[in-house]
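By convention here, the first residue in the shown sequence is residue 1. Side chains are part of it too, since the values below use all heavy atoms of this structure and drop only hydrogens, waters and symmetry mates.
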Amino acid sequence: MPDYKTEQNLKNIHDASMAIIENTGIRLHHTDILQLVRENGIRVTGDRVYFTRNQLKEWISRAPYEFIIHARNPAHNMHIGGDRVEHISYNSGFPFVVDLEGNRRKAMFDDYLTFLKLVHNTSAFNMNGGVMVTPADLPNDANLYPAMLYAALLLSDKCLFGGMGGKTESLKTMQMLQAVFDVDKEGLIQTPRIANLVSSLSPLQFDEKMLDTLRVYADHGQPVIISPAVMSGTTGPVTMAGTIAVSNAEALVGIALSQMIRPGTPAIYGSATSCADMRTGAFAIGTPESALAVKYCARLAKMYGLPCRGGGALNDAKNVSVQAGYESMMVQFVANQEKINFNFHSAGGLDSYGAMSYEKYIVDLEILDRIKYYLADLNTDATHLAVDVIEQVGPGGEFLTQVHTAMHCRKAPFASRISLKGVLPAGKTANDALMENVKGQLHNMLDAYKQPALPEASGKKLDACIQSFGLDPREIRSRIAATQKLK
């Protein structure tokens, strides 16, 4: 049955966004990008740009509806777009790691290396790297992300996620990719390897750093995720409809800019939009408003013929708790149900993008498995309906000893890797027993990790590249070796 209310909402949001873009405009803090927009016939007044509806439609139509991000191991290539769903772990530069009680400590490079291994061993994820945590024990300079990317290239052969952005970091990233994959700029354009966020400065602005990031990534043909994070009540209207209209305006103009830089640039319509807690002013992401923003992100993007980014296991909880569970399940379920293509923040985060948790990572994988099982729906072929078995057993019989049960008992029911069932072990609280299962699964994943081989020639070119930045590859390799010995 058609969802008439949602269809009308989409039209109303679209019309409101077009009015914002045409009449209010978007401020761009970048002289060169303003000149590029002006040269393409778009009205520019001061530092604001004003697209007409037809101009905007023309520019966003140049972005591909589907594209592939290529991994070093082709088995991990990501096909973005359509109704495909790709999950990605948290990549927000969290400065802290939190324990089960909610106690924070500064994240270290060893934590980043550990998360690289966990993501590599997570079958649901085909992308690794990024800035899952910001290591406090590495210099926070232009070489921070190149050092982290170097580690990601050694420890994983999946697709790659970018860093915190900016011109210098982004150019170094492209140099590293050209070195390790032995391609020139055109070769990188033909086989995109890395995606990165381009966040707007809400309301209705893009800053110089993000526009520099957009320019470098688009110029090299690498996917950009235009991702507003409008907060209703602070950087957007207190009503979610108005906030989503602002978010939509920012995303569409960002995508249009990507196509002006290089037509055909893979661009993803994104949203990290949610609400502010009006009692504290804090960004609240584990909320029904966040889930609604994800829903309309997916619906609007598909209406415009664009891939979409939203999700995932978002929450405002301080530790692994009941709150973390119900908030994460709500937002993640909507993201999967709406078929968000680039399903971001799918495992490990707590405290409104504030910290990463090893235990929460495992719990979120459980959430993903449960949602996947549910959305796969029932198989109603003859074998699964089992009418012949039901007739054989008849009224008052039992199915436990049937051959049909033996054939299907290991794959038909959902099998949790961490949930408690049956009698609680003697001397243990329910929470202690559950967390023991969680930690056991965590150790199993780390024990099963095997470092993928990097061809020697690629390794030498990569080493030479980061040495030109002033980084010592031996130091990073030594840190990797030390964490493996500790394990």
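- Taking NZ of K185 as the start and CD1 of I189 as the end, the distance is 5.5 Å to the nearest 0.5 Å.
- A donor-acceptor contact under 3.5 angstrom links the side chains of Q8 and N12, judged on distance only.
- Note: Y353 and H345 meet the aromatic proximity criterion, with ring centroids under 6.0 Å apart.
- How far CG of L154 is from CD1 of I476: 8.0 Å, rounded to the nearest 0.5 Å.
- Counting non-hydrogen atoms of other residues, nucleotides and ligands closer than 6.0 Å to CD of E39 gives a total above 12.
- Under a cutoff of 6.0 Å and an axis angle of 45°, R479 and F109 do not form a cation-pi pair.
- Between the side chains of N336 and H87, at least one donor N or O sits under 3.5 Å from an acceptor N or O.
- Ion pairing of K302 with E338 is absent here, as no side-chain N (NZ or NE/NH1/NH2) approaches a carboxylate O to less than 4.0 Å.
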Notebook entry, point to check: Going through the checks in order, is the salt bridge (charged side-chain N to carboxylate O under 4.0 Å, His left out) test met by K209 and D207?
Noted result: CA-CA 6 Å; K209 179 180 179 180; D207 68 15; over 6 Å; no
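- Contact check on K360 versus D351 returns no salt bridge, with no Lys/Arg side-chain nitrogen under 4.0 Å from an Asp/Glu carboxylate oxygen.
- For the residue pair S202/T235, the side-chain donor-acceptor check at 3.5 Å is not satisfied.
- Aromatic ring pairs are classed by plane angle as parallel below 30°, tilted from 30° to 60° and perpendicular above 60°; the pair Y361 and F125 is perpendicular.
- Checking E327 against T287 by side-chain atom types alone, no donor-acceptor pair falls below 3.5 Å.
- Using a cut-off of 4.0 Å between Lys/Arg side-chain N and Asp/Glu carboxylate O, R474 and D472 are scored as salt-bridged.
- We find that K372 and D369 are not joined by a salt bridge, their nearest charged nitrogen and carboxylate oxygen being 4.0 Å or further apart.
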Notebook entry, point to check: What do the steps show when you test S227 against R309 for side chain to side chain donor-acceptor pair (under 3.5 Å), and what is the final call?
Noted result: CA-CA 8 Å; S227 197; R309 170 263 167 160; 2.2 Å; yes
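- With no hydrogens or angles considered, no side-chain donor-acceptor pair links N23 and Y50 at under 3.5 Å.
- Remark: R105 engages D111 in a salt bridge, criterion side-chain N to carboxylate O under 4.0 Å.
- With Q222 contributing its side chain and R193 its backbone, the two residues share a donor-acceptor pair below 3.5 Å.
- In this structure, F161 has its ring center under 6.0 Å from that of F344.
- Defined by atom type and a distance below 3.5 Å, a donor-acceptor pair is missing between the side-chain atoms of T483 and D110.
- Judged by distance alone, the side chain of N140 and the main-chain N or O of A136 form no donor-acceptor pair under 3.5 Å.
- Side chain of T213 to main chain of G166: a donor-acceptor pair is present (N/O by atom type, distance under 3.5 Å, no hydrogens or angles).
- Ring geometry, H120 versus H76: the interplanar angle exceeds 60°, so the pair is classed perpendicular (tilted spans 30 to 60°).
- No side-chain donor-acceptor contact under 3.5 Å links N143 and E169.
- Under the 6.0 Å distance and 45° angle rule, R72 does not count as a cation-pi partner of F181.
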Next item on the list: Report the C-alpha distance between S232 and T243 in whole Å, list the side-chain angles of each, state the deciding distance to 0.1 Å, and finish with yes or no for side chain to side chain donor-acceptor pair (under 3.5 Å).
Entry: CA-CA 6 Å; S232 67; T243 286; 4.5 Å; no
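- A donor-acceptor contact closer than 3.5 angstrom is absent between the side chains of D463 and Q467.
- We find that D47 and R27 are joined by a salt bridge, their nearest charged nitrogen and carboxylate oxygen being less than 4.0 Å apart.
- Remark: E7 does not engage K11 in a salt bridge, criterion side-chain N to carboxylate O under 4.0 Å.
- By the 6.0 Å contact criterion, OH on Y374 is open, its count of non-hydrogen atoms from other residues, nucleotides or ligands being 12 or less.
- Counting only heavy atoms from C-beta outward, the side chains of S170 and Y217 approach each other to under 4.5 Å.
- Note that CD1 of I33 is 11.0 Å distant from CZ of F206, once rounded to the nearest 0.5 Å.
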Check: Yes or no on side chain to side chain donor-acceptor pair (under 3.5 Å) for N248 and H14, after CA distance, side-chain angles and deciding distance?
Finding: CA-CA 8 Å; N248 187 44; H14 169 78; 5.1 Å; no
